[in-house]
Every structure is written in structure tokens, then in C-alpha cells.
Amino acid sequence: MSDPKKLFIKTYGCQMNVYDSERMAEALGPSGYVTTDAPEDADMILLNTCHIREKAAEKVYSELGRLKRLKDANPALKIGVAGCVAQAEGEEIMRRQPLVDLVVGPQSYHRLPALEARTREGSKALDTEFPQEDKFDHLPARPAPARGPTAFLTVQEGCDKFCAFCVVPYTRGAEVSRPAARLMAEARDLVARGVREITLLGQNVNAYHGEGPDGADWSLARLIREMADIDGLARIRFTTSHPNDMDDDLIAAHGDCDKLMPYLHLPVQSGSDRILKAMNRKHTAESYVRLVERIRAARPDLLLSGDFIVGFPGETEADFRDTLALVEAVGYGQAYSFKYSARPGTPAAERAELPEDEKSDRLARLQALLNRQARAAQDAMVGRELRVLFEKPGRLEGQLVGKSEYLHAVHVPGGEVRIGDIARVRIVNSEAHSLSGALV
Ligand code: 5AD
Ligand code: SF4
């Protein structure tokens with residue numbers, strides 16, 4: 001047998017790309033590839049890209065420029081671009097950067113072995129179709145090595161919401177839910193391999209409506225409840241959700257499903273009804289605040305996370321203050337905030353942009369508030385007893401790091417616990433980016 005070829009994958013963007021990168025590595029296994037952490041050793045380099053904001057796409061082109069050195073040193077090296085930039089730009093990538101051999105969109109990963117073979121014959125290979133089949137059905141069954149205690153599982157992909165600023169409906173396509181029986185089987189397999197916490201992924205995960213084994217449509221709440229019956233699985237999370245798809249059963253599950261963790265990422269984007277309308281969000285600030293109240297009634301200790309965009313076209317100082325007011329009213333334990341970035345092909349890109357310094361100023365003000373709230377939420381954990389799932393060794397000798405129910409990183413000096421255990425920890429300190437405590 002010939003030596004295995006080495007594959008280096010660099011992942012940008014969201015957790016779904018992290019999941020997809022793992023699946024791409026598995027898809028290329030039968031073609032003779034094993035993964036490497038060292039790009040200079042690689043026979044193939046894949047960039048799994050993100051197109052959500054301008055900076056994300058530009059980073060890909062600068063990285064490709066840097067790879068020229070490796071390609072000069074090893075002309076047999078194949079370079080591929082996968083993910084959402086591949087989908088959005090297609091052939092343009094090869095025009096702009098001739099060293100690229102392969103471009104593959106997010107719905108075509110099961111075709112990677114054939115595309116790779118084409119590059120070995122010296123041709124360029126491109127596939128940015130939206131095929132009918134489920135790409136995951138065609139990937140080889142996962143090999144069965146043990147895994148760390150946490151895993152992602154993509155249950156739904158694509159989005160039909162068409163927020164006016166967002167490329168996802170174009171790069172990931174229409175909403176597709178994977179069949180529930182396959183997801184249950186995948187979850188059981190992950191648990192058999194040592195996984196204790198599964199995060200269900202989807203661009204619009206709470207719109208999940210997959211075909212159940214009984215022929216009925218399963219909602220996300222149903223899927224979560226069924227997964228909660230898997231012995232050995234201790235924790236379930238899901239991300240990312242649209243407010244309009246939080247149905248009653250999913251809200252109830254936050255209160256009555258013990259394995260569903262008290263953490264919810266629920267983007268609102270803006271607190272101004274005028275801007276929400278222009279964004280095509282199809283909800284108001286008020287309806288979002290009411291929704292959060294209902295979820296917190298089901299689960300009072302819920303830690304809420306959100307996404308915000310400042311400087312959307314037409315946003316006035318008064319609109320921006322409405323966003324600050326919403327943040328004050330809701331209270332976030334964690335948040336991601338961005339300056340609006342025009343994405344070609346989206347409706348908002350047709351509109352006049354705000355000056356850059358105005359966007360920067362608003363982002364700084366919003367982040368100051370969000371950081372204060374996140375800090376307060378983290379500090380409030382001091383003195384409490386949390387349950388921590390230990391994921392990896394810490395930087396200090398003997399130390400272990402894990403995550404609490406609320407997704408804060410927690411350090412303990414070590415002791416009678418191992419990676420994969422869930423143990424009670426008394427929190428004694430809140431540091432810059434993590435908590436520390438002692439085993440109870
Ligand atoms: N500009 C800035 N932020 C954006 N997001 C999505 N599209 C854009 C854009 N064009 C943000 C949203 C979304 C998160 C994943 O990225 O807040 O929820
Ligand atoms: Fe993009 Fe999310 Fe809006 Fe869908 S719901 S268009 S993924 S921001």
C-alpha cells in the first residue's frame with residue numbers, strides 16, 4: 001500500500017463549517033487521505049470558508065496568496081476552496097487565484113473523491129450545485145474512533161428567511177431537514193464513542209421539521225425529547241434559532257427536559273422596529289422581548305445569547321438607541337455584534353451605506369454594554385455550585401477545563417475527575433474569560 005496522502009483543512013466561520021470539515025476529511029479517507037495539522041506536509045489543502053461578512057471572504061484570498069509559497073515548494077500540492085465563499089464566488093475564485101485546483105460548494109462534499117481524482121489528472125474541478133440528495137447520506141459511515149466528550153450534529157441546513165443583509169439563503173440554499181431516524185442513529189453512534197454532549201446545528205435549527213421514523217413530521221422539540229432518552233447522553237444544546245420558530249413545545253422543553261441546557265442563542269439583530277422591518281426580520285422588538293419572557297418563565301436561569309448588527313443602511317442614532325434599550329431590557333449573558341457589511345446579491349446591498357466611523361462608534365458603544373452584561377452574568381456564578389463537563393487538560397499541571405451548563409469555561413486544579421466526566425464544582429473566581437473553582 002502506498003503511503004497515505006496528507007490533508008490539511010483550515011476552517012473559517014460557524015460551527016457548521018467545523019462539522020462539515022470533519023465530514024470532508026472522512027469523505028476523502030477512501031481516496032487515501034489522513035489529516036495533518038501541518039500545512040507544509042500536506043498533499044492537499046482545503047480552506048472551508050465563510051462568506052457571512054466581507055472580512056471573512058477577504059481573509060480567504062489573503063490566505064490563498066500565502067499558500068503560493070507552499071505550492072512553489074511542492075507543485076503536486078492541490079489547493080481547494082470549500083464552503084460559502086466557494087458557493088458564492090464559484091469559478092471567479094480560480095480566475096482571481098490560479099493556484100486553486102478545486103472549488104466545492106457546501107452541498108457537494110460527497111462528490112469530493114471524484115473532484116479530487118480530477119485534480120490528480122491535472123484538471124481543475126468545480127462543483128457548486130445544489131443536488132437533490134442529502135450529502136450526508138452519501139458520505140462513508142464514520143469510522144469509529146473514540147471522540148472527545150462534545151460533538152456537533154447538523155440536523156438542518158439552509159434558510160428560507162431571507163433577512164435582507166444575509167447571504168446564507170444563497171450560499172447554503174433552501175431549508176432542508178435531515179431525517180430524524182438518521183440523526184438518532186448518528187447521535188447513538190456518537191454516544192457509543194464517548195460523546196456526552198451534542199449540539200444540534202442548523203442555520204435555522206428551530207425550523208427543523210424532519211421526517212420521523214413513524215412517518216410523522218418531527219419538530220426540533222420532538223427530536224430533542226427523543227434524543228434525551230439516549231442513555232449516556234448527558235447534555236443537548238442547539239444553535240442557531242430564529243425568534244419566529246420558537247414554538248410552544250420548544251419553549252416548554254427548556255423547562256421540562258433536564259438534558260436540554262439552560263443556554264439559548266436567539267439573535268435579534270436590532271432593537272428598532274423600523275430597522276427590523278427593513279431587515280425583513282418579520283418580528284418586532286416587543287414580540288422578541290415577550291418571547292424571551294415566555295422562555296424565561298419556563299427556565300428562569302436561562303443564559304441568553306444574541307447576535308446584533310449595527311449600522312444597517314438607514315439606521316439613525318434613535319434606531320441605534322432602541323437597540324441599546326432592548327439590550328438593557330433583555331439582558332444577555334453572551335453576545336456577538338457586528339458592523340453591517342454589504343454582501344453582493346442581498347437586497348440590503350442596494351442601499352446606501354452609513355459612514356464607517358459611525359458604524360465603528362456604534363459598535364464600540366454596543367459592545368461596551370454587552371461586555372458589561374456578559375461580565376456580570378459570569379461574575380454572578382461565583383459562589384454557586386455548577387455542573388461541569390470536563391473537556392480537556394488546562395495549561396497548568398493537573399488542571400482540567402470544562403463547560404458549565406451555561407457554557408462558561410471552568411477550570412479546576414484537578415483531582416478525582418477525568419475528561420468526559422460531569423462533576424459538581426463550587427465556583428470561587430471569575431477571571432477574564434473563564435471561571436475557576438474546586439470540585440465539590
Ligand atoms: N453584515 C454584518 N453581520 C452579518 N451577519 C449576517 N450577515 C451580516 C452582514 N451582512 C451576522 C448576523 C448573524 C450572524 C451569524 O452574522 O448577526 O446572526
Ligand atoms: Fe441569515 Fe439567519 Fe436571517 Fe436566515 S434567519 S437569512 S441565516 S440571518
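Any value given below was found using the heavy atoms of this structure, including those in side chains, with hydrogens, waters and symmetry copies removed. Residues: numbered from 1 along the sequence shown. Ligands are counted one by one from 1 in listed order, and the atoms in each one are counted from 1 as well.
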For atom 2 (C) of ligand 1, the protein heavy atom that lies nearest, with its residue and separation: K339 O, 3.3 Å

Side-chain (E405) to main-chain (R387) donor-acceptor, under 3.5 angstrom: yes

Total protein N/O/S atoms sitting under 2.8 Å from atom 1 (Fe) of ligand 2, waters ignored, is 1

Which of the numbered atoms in ligand 2 are under 4.0 angstrom from any heavy atom belonging to H242? 5 (S)

Would you please indicate yes or no on a ring centroid separation below 6.0 angstrom for F238 and Y263? no

Checking the N or O distance criterion of under 3.5 Å, is ligand 1 in contact with S341? yes

Any ion pair linking R365 and D361 (charged N to carboxylate O, less than 4.0 Å)? yes

Does some side-chain heavy atom of K71 sit less than 4.5 Å from a side-chain heavy atom of I79? yes

At what distance is the nearest protein heavy atom to atom 15 (C) of ligand 1, and which residue and atom is it? D307 OD2, 3.7 Å

Ranked by distance from atom 4 (C) of ligand 1, the top protein heavy atom is I309 CD1, 3.6 Å

Is any side-chain N of the basic residue among D273 and K277 closer than 4.0 Å to the acidic one's carboxylate O? no

Using a strict cut-off of 4.0 Å, indicate which atoms of ligand 1 neighbour a heavy atom of Q269. 12 (C), 13 (C), 17 (O), 18 (O)

Taking the non-hydrogen atoms of E54, is any one of them nearer than 4.0 angstrom to ligand 1? no

Looking at K359 and E315, is there a salt bridge between them, counting it only when a charged N and a carboxylate O are closer than 4.0 Å? no

Do ligand 1 and Y340 have nitrogen or oxygen atoms that lie under 3.5 Å from each other? no

Full working for side-chain contact (heavy atoms from CB on, under 4.5 Å) between E116 and M44: CA-CA 9 Å; E116 187 272 346; M44 172 173 273; 3.7 Å; yes

Heavy-atom proximity to atom 7 (N) of ligand 1, picking from F165, F338, F308, points to F165

Which pair of heavy atoms, one from A27 and one from Y109, lies closest together, and at what distance? CB-O, 4.1 Å

Checking a contact table here: which protein heavy atom is nearest atom 6 (C) of ligand 1, and how many Å away? I52 CG1, 3.4 Å

With heavy atoms of R343 as the reference, note each atom of ligand 1 found under 4.0 Å away. 10 (N)

Once the angle between the rings of F308 and Y332 is folded into 0 to 90°, is it parallel (under 30°), tilted (30 to 60°) or perpendicular (over 60°)? perpendicular

Please check this pair: side chain of T36 against backbone of A38, looking for a donor-acceptor N/O pair closer than 3.5 Å. yes

With S272, which of T323, T284, D319 fulfils side chain to side chain donor-acceptor pair (under 3.5 Å)? D319

Looking at K403 and E197, does any basic side-chain N land under 4.0 Å from a carboxylate oxygen? no

Return the residue, atom name and 0.1 Å-rounded distance of the protein heavy atom closest to atom 5 (N) of ligand 1. R53 NH1, 3.6 Å

